[in-house]
Every structure is written in structure tokens, then in C-alpha cells.
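Right, one structure below, let's go through it.
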Number of protein chains: 2
Amino acid sequence: MPDNGLVADIKNFPQLYNVLSDEDKEYLLANHSVKYFAKNEKIYREGDKPKGLLCLGSGKVKVYKAGIGGREQIVRMVAAPNFLGYRALFAEEAHIASAEAIEDCVIYHIPKDVIFKLIASNRKVCKNILKSFAVELGFTRYRTVSLTQKHIRGRLAESLLFLRDIYGFKDDNITLDVQLSREDIANFSNMTTSNAIRTLSTFVNEKVIAVDGRTIKIVDEPKLERISKLG
Amino acid sequence: MPDNGLVADIKNFPQLYNVLSDEDKEYLLANHSVKYFAKNEKIYREGDKPKGLLCLGSGKVKVYKAGIGGREQIVRMVAAPNFLGYRALFAEEAHIASAEAIEDCVIYHIPKDVIFKLIASNRKVCKNILKSFAVELGFTRYRTVSLTQKHIRGRLAESLLFLRDIYGFKDDNITLDVQLSREDIANFSNMTTSNAIRTLSTFVNEKVIAVDGRTIKIVDEPKLERISKLG
DNA sequence: GTACATTTGTGTTACATAACATATTTTCAT
DNA sequence: ATGAAAATATGTTATGTAACACAAATGTAC
């Protein structure tokens, strides 16, 4: 059992469980499995065929694609609770990205036919999945524009703000509640690791952020927003 | 009436009409409207609230976002028949992109409550929309990686191949069945207009394509694929 | 505790591409 | 037809960032 404080129970996955009828709840409880993934463990790989719907119950996950020359691009950072790897399932294709735990994770696996039955019997399930898609497509399109058009400083600032939006702060309201390597930060911001390190240093010098190892504090949020906006 | 040879009838929109029960078909026929858009006419704008589901019955549409300094980025090229502007509807947000007809278009408009009723009463409608989302999210993620990582030649080659995939060839099996300005090609390929023009010229010199005004012929398809792959 | 691998940090160089300038051609309104 | 505006074409320069090289710090295995 991972020691992340959360009970490994699909009842804690509101997007799905909370909208079901009592009958469907029973059906779901009897027809899903719980899986644990350790930090750095791969959850699925590009090319794998999805066998069902994954729900991230607790932990954090990065979803990334191999680009030109093996350079990896992180296309999604996932916080719990959230659907995972569902694009390939509903497109009826193989996965076009890989997913890796960046913290110990609990994942609920719902077989393909089970989730399709639930979608058919419950309109809210369908609506929630549609909404997840719609929100994620919006995010992805937004990112396409900013990753291609913003300069390094703007891209990095934006990425830090996204990490804040996705994972939030620790109790001090300033420390990002996620630990990433410089390489991950670079792959999320479409830049080389060198440039991510260099630009983080610049931000520290400008007192926009504070860095201690992999711990990042956002010291001057308005300024970071400004850097992100300006591009 | 636009002279595009297609009958303006939602019965010709298979993703939706073909999967409905007789009862739902009647309901849909009685509860939708048909709209015509001339070439270059805006269909919706960033910030508009969607009032229903749009279905592109005939014609061609570009969907684009305003980027840094007003620089526009085409995020989707749409061929008929296809859903349009549905992301904002299901995300329950305003449009984050604009849509413009690049040819005369026929568009069916289905009010919000009508489409949600159809989704609730028919599992195939839901499945088709989920699939549209899944496919488009896949496309968008793929694009994010190639637009950020490929070099100019690779990006342009890939864009031309996407136009082939989306709109196909004319009867000669070589001429792309879509007419775009150099600026649109640039905005679809994430480069300046100058560089789009320059690189198209290079491709012509290398006998990969042939250009006559806005008409583009793909002369050496394998070579174009190679340029796209290499990046 | 030492050796080794990995991650982080910094300076330098090379290069792709945006920005700019300008010319030419096409389109369109009158 | 004619002038104005828009689109297309091409050369030059400036600049941001990747690539490379290397050093220091940190983590890990034995």
C-alpha cells in the first residue's frame, strides 16, 4: 500500500461514482480493479492498446510523447482525481503517449465493456467524460499556441503557473505541491534542460521564484503572470 | 443557396442523423436550423458563447486562435461532414477559438437542450461525439509536438500532408482539394508568411510539389513524407 | 568512504528562423 | 482602364535558442 494518506477506494472518485444510481454503483464496485504504481513506474506506453478506463485515484502522473530524436514532450500533468488514458479508449486506437507516475499512485481500472455500459445507462457519466475531453482539448490547443509562440521566459513562467493550477500550493500557500526534475520542467515547457535550469536561475535572481533542489516557491506571483502574458 | 452541389439537409449528416431512432429523427428534423455562410465569413469568434451544436454539412472551415501579438494559429481545418464548435459547448465555456468559412458552407445548428436530449436517449450519439473528441485531441497533441519540434521544412511538409488527409485530392489524384492563402498555410504550419512562401518555392524547385497560384499539386508524395518524417 | 552515475549549473558557439526591407504580381473597386 | 490595396516573392540582418563542452554538486551502490 502506498503511504499517500488516501484510501484506495473508487468511492472517492466523484466524476464517476457520485453520479451513478445505486444499482450502477454496485455494478461498478463488483467490476473494477485497483492498481498501485510506484514513483517512476510506467502506467502505459505509446503503442499499448487500452483495455479499459483508468481513473487516477491518488498520486500524480505525467503524460508524454516521444518527439523528434527521442526528445520527450510532456503533454499533460495529471492530478487526482482524474481520468487517465481515456483518449485512446474512445478513439478506439492505441495510446499515442506514455504515462508515468511521478509519485506513488492508486489507479482504478474499469474494463471497456463496463464503462460503456455505464455510459449507456447514465447520462451524467457521459456528460462528465465529454466535459473532461472538452476541457483537455481546450488546454491542449491553448498550449499549442503558447508553446509555439511564446519565448523561453514566457513558456517557463506559464508552465509554473499551470503546475500551480493543477497541483496547487502546500500549506504555506507559496510552495508548489509537486516535485519535478529540471528535465521534466524542460519537457513540459518545450525547451532544453540547460535552458530550463538557466531560466529558473534568472527567475530566482529576479526574485520571482525561490528554488531549493526540486522545491519551487512562487514568490512574486503577479510578476510571474506578467512574464507569462508578455510571452 | 450556395452552389456547392450538396443538398442542404441534415439527413446528409451521418454522425448524427444515421444513428437516431425514427422518433428522434423526427424530433431532430423539427428542432434544428440551417445556416449558410459565404466564403471568408466568420462563423463564431473567440469569446462567443455557444448556443448549440454546429454541424458542418458542406464547405470548408478553418478554426484559429489569436496568439502573441495578434499572430494567428490555425488549430483545425474542418471538412464536411463534421462537428464544429462543440468543444466550448461541452466544456460549458465560451469559444476559445474563431471559425471562418474558407468556402461557402452549409451549417446545421442544433440547440443545446435538443442535442443533450438526443445524447441522453441515444448511446450512439454520445459515442460518436466522444470519438470526435478523442480523435481531435489526438490530432492536437500530435501537432503540439511536431509544431514545436520539427523544423520549417518538416512542418510545412506535414501540413501539406494533413491537408491531403483532410480534404483529399481532386480527380487528377494529385491536386489538393483546398485553396489557401500563403498566410493561412503559414498560420497552419507555425511560421511566418515569408518563410511559408520561401519554403514552398524550395519544394517546387526540388520537384516535390507544383504550385499555380493557390493551387498545389503534390508531385512527389514519398519525398514529401520523408521531409515530414525527418523533421 | 570511495567510486560512479546522475542531476544541476554555466559559458560558448552555431544555426534556424523571425523581423525587416523592398520589389513584383495579382486582385478589386471605381 | 486605372489606381489602390492586397498577396506573393526574395534578399539581408538580427536574435533567440539549441547544441556542445565542461564543471560542480548530489545521489547511490558497493
Side-chain angles (χ1 to χ4, degrees), chain A residues 38-40 62 67-73 100 102 145-160 178-206 209-216 227-228 230-231, chain B residues 38-40 62 67-74 100 102 145-159 178-206 209-216 227-228 230-231:
Chain A
K39 184 175 169 173
N40 298 327
K62 66 171 177 179
I68 313 298
R71 199 175 139 193
E72 105 182 13
Q73 165 87 48
E100 188 178 315
I102 58 170
V145 176
S146 51
L147 288 182
T148 55
Q149 296 195 1
K150 283 185 181 177
H151 287 177
I152 278 200
R153 285 168 59 85
R155 297 206 300 274
L156 182 64
E158 184 178 281
S159 293
L160 294 174
V178 61
Q179 303 257 80
L180 292 174
S181 68
R182 302 294 191 265
E183 194 181 356
D184 278 342
I185 292 174
N187 293 339
F188 188 48
S189 311
N190 182 39
M191 61 186 67
T192 55
T193 307
S194 302
N195 277 327
I197 292 167
R198 204 189 313 267
T199 311
L200 282 172
S201 299
T202 314
F203 285 177
V204 171
N205 287 334
E206 296 172 354
I209 62 173
V211 166
D212 177 18
R214 295 189 175 183
T215 301
I216 297 176
I227 295 171
S228 171
L230 284 175
Chain B
K39 183 176 169 174
N40 298 326
K62 66 170 176 180
I68 314 298
R71 200 174 140 194
E72 104 181 13
Q73 165 87 47
I74 294 178
E100 188 178 315
I102 58 169
V145 177
S146 50
L147 288 183
T148 54
Q149 296 196 1
K150 283 185 182 178
H151 287 178
I152 277 201
R153 286 169 58 87
R155 296 206 301 274
L156 183 63
E158 184 178 280
S159 293
V178 61
Q179 303 258 76
L180 292 175
S181 69
R182 301 292 192 269
E183 194 181 356
D184 279 341
I185 293 174
N187 292 339
F188 188 48
S189 310
N190 183 38
M191 61 186 67
T192 55
T193 308
S194 300
N195 277 327
I197 291 167
R198 206 190 311 270
T199 312
L200 281 171
S201 299
T202 314
F203 285 177
V204 171
N205 288 334
E206 294 171 356
I209 62 173
V211 166
D212 177 18
R214 294 187 176 184
T215 301
I216 297 176
I227 296 172
S228 170
L230 284 176

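Throughout, protein chains are lettered first and strands after them, A, B, ... in sequence-line order, and every chain is numbered starting at 1.
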Rounded to the nearest angstrom, tell me the gap between atom CD1 in A/Ile197 and atom P in D/dC22. 18 Å
Would you say B/Lys150's side chain and B/Ser228's backbone share a donor-acceptor pair under 3.5 angstrom? yes
Check every strand shown and say whether B/Ile152 touches a base, only sugar-phosphate, or nothing at a heavy-atom separation below 4.0 Å. sugar-phosphate
Minimum heavy-atom separation for A/Phe203 and A/Leu160, please, with both atom names. CD1-CD1, 4.3 Å
Between the two ends of the helix from C/dG1-D/dC30 to C/dT30-D/dA1, what is the bend in degrees, rounded to 10 degrees, where each end axis spans five pairs? 50°
Interatomic distance, A/Ile68 CD1 vs C/dA16 P [rounded to whole Å]: 15 Å
Quick one: label A/Arg214 by what it contacts on the DNA or RNA (base, sugar-phosphate, nothing), any heavy atom closer than 4.0 Å. sugar-phosphate
Do any N or O atoms from the side chain of B/Arg71 and from the backbone of A/Gln149 form a donor-acceptor pair under 3.5 angstrom? no
Strictly below 4.0 Å, heavy-atom distances to any atom of DNA chain D: list the hits from residues 185-195 of chain A, or just say none. A/Asn190, A/Met191, A/Thr192, A/Ser194, A/Asn195
Closest non-hydrogen atom pair between B/Asp184 and B/Ile74, with its separation: O-CD1, 3.4 Å
Rounded to whole angstroms, how far apart are CG on A/Asn40 and P on D/dG27? 15 Å
Starting at the 5' end of DNA chain C and moving along, which residue's nearest nucleotide shows up first, A/Val211 or B/Arg153? A/Val211
Shortest non-hydrogen pair, A/Met191 vs A/Ile152, comes out as CE-O, 3.5 Å
Please state how far atom NE2 in B/His151 lies from atom C1' in C/dC15, giving the value in whole angstrom units. 9 Å
For the residue pair A/Asp212 and A/Thr215, confirm or rule out a side-chain donor-acceptor distance under 3.5 Å. no
Nearest-Å distance, CG (A/Leu200) to P (C/dT8)? 10 Å
Could you give the CG-to-P distance, from A/Leu156 to D/dT17, as a whole number of Å? 11 Å
Sub-4.5 Å side-chain heavy-atom contact between B/Arg155 and B/Thr199: no
Is any side-chain nitrogen or oxygen of A/Arg198 closer than 4.0 Å to OP1 or OP2 of C/dG9? no
Protein-nucleotide distance (A/Gln149, atom CD; D/dT17, atom P), rounded to Å: 13 Å
Report yes or no: does A/Thr148 contribute a side-chain atom to a donor-acceptor pair with the main-chain N or O of A/Val145 at less than 3.5 Å? yes
Between atom CG in B/Asp212 and atom C1' in C/dT26, what is the gap in whole Å? 13 Å
List for me each residue that meets salt bridge (charged side-chain N to carboxylate O under 4.0 Å, His left out) alongside B/Arg153, sequence neighbours excluded, and say none if there are none. B/Glu206
